[in-house]
Amino acid sequence: MRRQRAILSRLQPLIALAVLVLAMSLLSDRFLTSENGWNILRQISVNLCLSIGMTLIILTAGIDLSVGAVLALSGAVAAGLLKHGVAVAALGVTLEFTVFGTIVAGLLVGAAAGWFNGIAITWFRLPPFVATLGMFSIARGLTMLWTGGFPITGLGPAFGFLGTGVFVRVPMPVWICGVLVGIFVVVTNRTRFGRYIYAVGGNERAALLSGLPVGRIKRAVYTLGGLLAGAAGLIVTARLDSAQPNAGLGYELDSIAAVVIGGTSLSGGRGSVVGTVLGCLIIGVLNNGLFLLDVSPFWQQVVKGFVILAAVAVDRMNPRAA
Amino acid sequence: MRRGRRRLILGSAVGAGATVLVYFVPLFHVIPLRPPGHAAAGAVFNAEAFVDRFWTERLIPGAARAANAAELVAAVRRDRAAARRTYGRSVGLGDVYYFFLGGMGRVVSVDKSSVKLSLDDRDPKLQLSLETGNIFGNAVRDGTGLLDVNDFANSQDFNAVSSEINRRIESQVLPALRNRATVDAKVRFVGCAEITDDDTDLDPLRVVPFIVAAP
Amino acid sequence: MMRTLVRTVSLVVVPLLIGITGCRGGSPSPPAATPRVAVVVSTLNNPWFVVLADAAKLHATRLGYGVAVFDSQNDPAKEAAHFDNIIASKYAAVLFNPTDADGSVANVRRAKDAGIPVFCMDREINATDVAATQILSDNYSGCVALGRYFVKQVGESGKYVELLGLVGDNNTWNRSKGFHSVVDRYPDLKMVAQQSADFDRAKALEVMEAILQANPEIDAVFCGNDAMAMGVYQALVAAGKDTQVKVFGFDGADDVVKLIAQGKIAATGMQFPKLMARTAAESADKYLKGDHALPQKTPVAVELVQRANAGKYGDYGRKDTE
């Protein structure tokens, strides 16, 4: 009986998604079309990238409020390097970045920001909320400085393919997210690192006393979160063919929502990447459905808030799985 | 010990793989620094060059189409709305309109930023004023009807054209006007006036001249 | 088991019910045969854009179309998602307020390729062959006129402060450049501070208080929009300097026009969101009825509102026409 309940509680997001899809297809005849389906998948791809990283972080009982700002920063740095290169006056040369180099640079910027978060949390023992709040402001300010407040546009079709291209009928952002989801499902379920993450989140003191390198695990998790935020930034920039200084505003809240709706507990140790995927899908289907049903944009925000509250409330009422 | 060796082998393999990858798919190219001032390939709009050509090829020749100043001022005094319909030119939506006029007048007074002309010695009320201070606004760009906003990629370029026309007037036309403008001197002019408010801008008409000559 | 199932279903159904019954777009759903028009506005967080969206909706509805309003939240990525949905839902036309002159071009092109004409309102896009027509407010020229009046009122020497809007917004810089193109020609008019208050009234109040601490003797303040002008005015009243410092705004908001009539605020630039929205709706109607002869760009002049003519203006428009 308890096992049945435990299984069902993990299936909860899936049941919710199924009910939602059913409801939407009954309410709108435009919902269940392949074009709409790809739209939904493409639209959740950025949030999914961020949410995978956020899942790992929340699994360690942490939080990251800076993902949106880091997304903007990596997108802006990548766009700037691609468009203008870097002038090294001392050597009298300009470094003209290739698309590959730009992608690497964007990911490195994200990873570096995440690593700084990790350092602040582990070496300086700042609470994750505070540390990532600081990075939120720093990254946003750096983005403004780098872009001068203006968007960087005209990045070329090669880079744009990352966001707008289609390969075997599947949009590139969906491919990228699919690969990332696959990697991180394996990491969380089948590697030692994954088990360590759950251990640290479940009971940090016990993990420490068992000899786990808690500090290193946390730093790794935040660095990965930053790396994924960088990837999300590259996707957004490629899709729009422009790096916006205001990109990513509010995205951290959407990703936290997706993680929570997907069944990951904010106190750490419980949850899964698959649940997060479902959470993203739920939010995506909800957003898409509310558009198709002509619901006013103001009401959409109210509904989203209620969904988050409901998800957390239901999660709280569940008994902790054995 | 075995874990350490395994890590070493794995690390070197990744490092070697990355080096090979970067050799074939470079991260960046190193190119010599271009000297500053080297203009990028002409996608940037050059307002100065454009206005140079526009001025000599279209603006000055187009001056022949200007309305007669004396008639225009008299028409405005008789009936504002009718004068606007006959002579006024609007661009887009809104209550702003322009007059394009030319004629000859006698200098009545000179002050810091304008020169008052009398257009007809028989009628002392037929006067207008030529702007001689800093020139702002789109009177000349929009008043003659020779330039259309749709011919420009974006409004920043279009506004740059206006700035450049105004600068040219300030540097080439106004010094000549100020030299010529002594009381009782006769001046021939062609220019445009911008009317934003019927109550304040019509009497006297404030004209931005782009041609100033001896009678 | 039953309980979990019930909880799950309620997680989905309750928010959905709220969303759908709460507001089905506010207007009754027209019969399926009525062509539908989408109004995409850059943000609903700013009253000026709310007026634009409401006017567009009103005029399109009056012309017999069903209307849905989409809020891009100043984010080109969200705007791209809206266009995805609009194309998939086969709307007849889009009344569009772009978030970014470069970044929005791709969205308009996609709509055009899908056979949906786009009518731009207020802000332009940097392409002349994709939108059916663009009805633009010339912020630059409006601020040139404001700058000339500024010099007339403040004199050719003095100290002033400039408050900018959102740093990532094209209009912020159009307005600032227009103003400076006039005022910078008078070297004795010195700008003692230039800060951004994000087009927000509360932030403008705080920023102005801080600036007054550092520069107690100033002659005038130029604000990038009327919300900030109101905040600045409140700060000056609190400091007892409202009679000695002249305040200039931009937009044409009702409360500022009233204060101008009383001589408390010096001037503002009246933009005509209602006129632009009406023109866009009427152009869309003409286009859909077969008349494709529309000028690409229609500038709408911004008119200077000062004490002498404030009586002619009402809420975001002229009293006689709106």
Side-chain angles (χ1 to χ4, degrees), chain B residues 43-45 47 88-98 112-114 131-143 145 147-167 169-171 174 192-202 206 208, chain C residues 101-102 105 123-129 133-149 151-152 156 170-171 173-174 177-179 181-186 270-272 275-276 278-280 294-306 308-309 312 318 320-321:
Chain B
V44 180
F45 177 71
R89 182 185 140 74
S90 278
V91 177
L93 300 170
D95 235 20
V96 179
Y97 60 99
Y98 303 92
K112 198 176 72 142
S113 58
S114 67
E131 300 278 288
T132 55
N134 286 331
I135 305 291
F136 300 110
N138 306 319
V140 176
R141 185 191 74 186
D142 291 341
L147 287 174
D148 183 0
V149 64
N150 288 305
D151 296 331
F152 295 82
N154 61 44
S155 47
Q156 281 165 339
D157 295 347
F158 199 48
N159 286 322
V161 167
S162 198
S163 278
E164 194 50 42
I165 292 177
N166 293 344
R167 292 305 133 257
I169 292 176
E170 284 172 1
S171 59
L174 295 185
C192 297
E194 178 173 351
I195 315 296
T196 44
D197 186 331
D198 274 5
D199 297 322
T200 56
D201 294 341
L202 284 176
R206 286 196 298 272
V208 175
Chain C
D102 287 314
V105 174
R123 290 183 183 162
E124 68 175 342
I125 49 172
N126 284 343
T128 48
D129 58 339
T133 188
Q134 303 187 45
I135 296 132
L136 309 175
S137 196
D138 194 348
N139 283 279
Y140 182 91
S141 300
C143 279
V144 166
L146 196 76
R148 295 171 76 178
Y149 187 71
V151 173
K152 247 199 328 198
E156 294 184 14
N170 294 339
N171 275 334
W173 299 106
N174 284 340
K177 279 198 213 159
F179 178 78
S181 75
V182 175
V183 174
D184 287 353
R185 302 289 302 279
Y186 300 88
M270 172 65 72
Q271 297 201 69
F272 295 92
L275 176 64
M276 288 194 276
R278 191 179 77 208
T279 312
L294 293 169
Q296 173 61 208
K297 292 193 195 189
T298 307
V300 177
V302 174
E303 294 182 17
L304 183 70
V305 180
Q306 20 110 345
N309 65 4
K312 284 199 276 188
R318 280 190 173 237
D320 45 15
T321 50

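Just so it is clear, the values below take in all heavy atoms, side chains as well, and ignore hydrogens, waters and symmetry mates.
C:R278 CZ to B:L93 CG: the interatomic distance, rounded to the nearest 0.5 Å, is 9.0 Å. Residue C:C143 holds its SG atom at 11.0 Å from CG of B:N159, rounded to the nearest 0.5 Å. Distance OG/C:S141 to CD/B:E194: 8.0 Å, rounded to 0.5 Å. One distance of note links CG of B:N150 with OG1 of C:T298; it measures 7.5 Å at 0.5 Å rounding. We find the CG-CG distance between C:D138 and B:N138 to be 6.5 Å, quoted to the nearest 0.5 Å.
Here the side chains of B:F136 and C:R185 are in contact, with some heavy-atom distance below 4.5 Å. Side-chain contact check for C:N309 versus B:D197: some heavy-atom pair is nearer than 4.5 Å.
For C:K297 against B:S155, the heavy-atom pair with the smallest separation is NZ-N, 4.3 Å. Residues B:V96 and C:A301 approach most closely at CG2-CB, 3.6 Å, considering heavy atoms.
For C:V144, the part lying near chain B is the side chain, with the backbone staying farther off; criterion is any non-hydrogen pair under 4.5 Å. In this structure, the portions of C:Q296 lying under 4.5 Å from any heavy atom of chain B include both its backbone and its side chain. Only the backbone of B:F152 comes within less than 4.5 Å of a heavy atom of chain C; no side-chain atom from C-beta onward does.
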| message | I'd like to know whether C:N174 forms a side chain to side chain contact (heavy atoms under 4.5 Å, CB included) with B:Q156, so could you lay out the CA-CA distance, the side-chain angles of the two residues, the decisive distance to 0.1 Å, and finally the verdict. | response | CA-CA 8 Å; C:N174 284 340; B:Q156 281 165 339; 3.8 Å; yes
| Could you walk me through whether B:T196 and C:L304 pass the side chain to side chain contact (heavy atoms under 4.5 Å, CB included) check? | CA-CA 8 Å; B:T196 44; C:L304 183 70; over 6 Å; no
